[in-house]
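Step one of this worksheet: look at the structure below.
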Amino acid sequence: MQRKTRTQQQQETKEMLFAAAIEQIMKFGFDKTSINSISEGAGFSKGAFFSNFKNKYDLLLQLTDKLKSEERFNLKSALAIDNENSTISINGLNSYVDQIKNNTICVILDIEMQLIASRDQNFKQYYDQLQRENNKSLGEIICSVFKSEGVQPSLPNESLAQIFIALTEGLILQNASNPGEQIKYVLYALIEKEKNPIQTL
């Protein structure tokens with residue numbers, strides 16, 4: 001059996017620390033989650049924690065970035081975007097949106113980060129940068145849905161991403177039984193508005 005490289009071992013350690021952090025934060029909230037509890041939950045010493053993260057806030061930023069990146073990848077894969085022909089998989093879109101109610105962990109972590117950013121200006125800088133990067137990438141993916149319907153959205157991609165995120169987080173926090181249906185309704189209403197713009201006098 002081939003031995004794992006140092007990089008592979010470090011990545012495994014990081015993933016286990018991420019998993020332990022998610023469990024602790026979901027149970028107790030970020031403020032009451034300690035580096036000790038994360039390290040012990042993952043079966044490591046604090047030394048292993050500090051080999052991977054500067055502090056608890058660094059872990060939260062990296063973890064949220066990881067989860068958001070995974071969600072963007074899943075959405076992009078589901079859509080099977082063909083930029084050359086401006087087509088997507090409608091079945092893939094429906095499938096992705098229908099399972100969006102399972103994104104509770106990502107939503108709660110994002111809410112935790114918003115609370116921290118509202119109180120800590122230094123953290124807010126990093127959080128805002130993470131949001132900008134996510135909105136840019138997510139907005140490009142959502143724009144492809146509009147293009148597949150033969151329209152160019154009048155809103156910037158980043159605004160499309162903000163609408164999608166606000167709907168997702170709001171509906172999940174309100175325990176909507178089927179947030180996917182409501183998200184699709186709003187998405188296609190926006191597309192229909194672009195197809196048939198309201199004429200102003």
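In terms of the side-chain hydrogen bond (donor to acceptor under 3.5 Å, both in side chains) criterion, N55 has no residue partners (sequence neighbours excluded). Not counting sequence neighbours, the partners of S89 by the side-chain contact (heavy atoms from CB on, under 4.5 Å) test are A80, N91. Applying the side-chain hydrogen bond (donor to acceptor under 3.5 Å, both in side chains) test to Q10 and every residue at least two apart in sequence or in another chain returns nothing. Scanning for side-chain hydrogen bond (donor to acceptor under 3.5 Å, both in side chains) contacts around N135 gives an empty result, with sequence neighbours left out. Under the rule for a salt bridge (Lys or Arg N to Asp or Glu O under 4.0 Å), the partners of D98 that lie at least two apart in sequence or sit in another chain are K184. By the salt bridge (Lys or Arg N to Asp or Glu O under 4.0 Å) test, E23 pairs with K27, sequence neighbours left out. Evaluation of the ring-ring contact (aromatic ring centres under 6.0 Å, His included) rule for F123 yields Y57 as partners, not counting sequence neighbours. Scanning for side-chain contact (heavy atoms from CB on, under 4.5 Å) contacts around L155 gives S159, L160, I163, with sequence neighbours left out. With sequence neighbours excluded, the residues forming a ring-ring contact (aromatic ring centres under 6.0 Å, His included) with F18 are F53, listed by chain and number. Applying the side-chain hydrogen bond (donor to acceptor under 3.5 Å, both in side chains) test to N175 and every residue at least two apart in sequence or in another chain returns nothing. Not counting sequence neighbours, K14 has no partner by the salt bridge (Lys or Arg N to Asp or Glu O under 4.0 Å) test.
Using modelled atom types, no side-chain atom of S137 and backbone atom of N134 make a donor-acceptor pair closer than 3.5 Å. A distance-only check finds a donor-acceptor pair linking the side chain of E194 to the backbone of S154 [under 3.5 Å]. Checking side-chain atoms of S37 against main-chain N and O of T33 turns up no donor-acceptor pair under 3.5 Å. Remark: the backbone N or O of N85 is paired with a side-chain donor or acceptor of D82 at under 3.5 angstrom. Side-chain N or O atoms of N74 include one that pairs as donor or acceptor with a backbone N or O of E70 at under 3.5 Å.
Around atom OH of Y185, no more than 12 heavy atoms belonging to other residues, nucleotides or ligands sit under 6.0 Å away. Around atom NZ of K66, more than 12 heavy atoms belonging to other residues, nucleotides or ligands sit under 6.0 Å away. Around the OH atom of Y126, the shell of radius 6.0 Å holds no more than 12 heavy atoms that belong to other residues, nucleotides or ligands.
In summary, E158 and K136 do not engage in a salt bridge, as defined by a charged side-chain N under 4.0 Å from a carboxylate O. Contact check on K56 versus D31 returns no salt bridge, with no Lys/Arg side-chain nitrogen under 4.0 Å from an Asp/Glu carboxylate oxygen.
Connectivity analysis of hydrophobic side chains (ILVMFWY, heavy atoms under 4.5 Å, direct or indirect) links F73 to nothing; its cluster partners are none.
With no hydrogens or angles considered, no side-chain donor-acceptor pair links N178 and Q182 at under 3.5 Å. Between the side chains of Q62 and D58, at least one donor N or O sits under 3.5 Å from an acceptor N or O. The closest side-chain donor-acceptor pair between Q129 and E133 falls under 3.5 angstrom.
Shortest non-hydrogen contact noted between I38 and A20 is O-CB, 3.4 Å.
Residues Q125 and Q121 form no side-chain contact, since every pair of their non-hydrogen atoms from C-beta on lies 4.5 Å or further apart.
Checking I165, L171, I172 one by one against E169, the side-chain contact (heavy atoms from CB on, under 4.5 Å) holds for a single residue, I165. When each of T64, N122, D110 is paired with Y127, the side chain to side chain donor-acceptor pair (under 3.5 Å) condition holds for D110 and for no other.
L173 and L167 fall into different hydrophobic clusters, where Ile, Leu, Val, Met, Phe, Trp and Tyr residues are linked whenever their side-chain heavy atoms come under 4.5 Å apart, directly or through other members.
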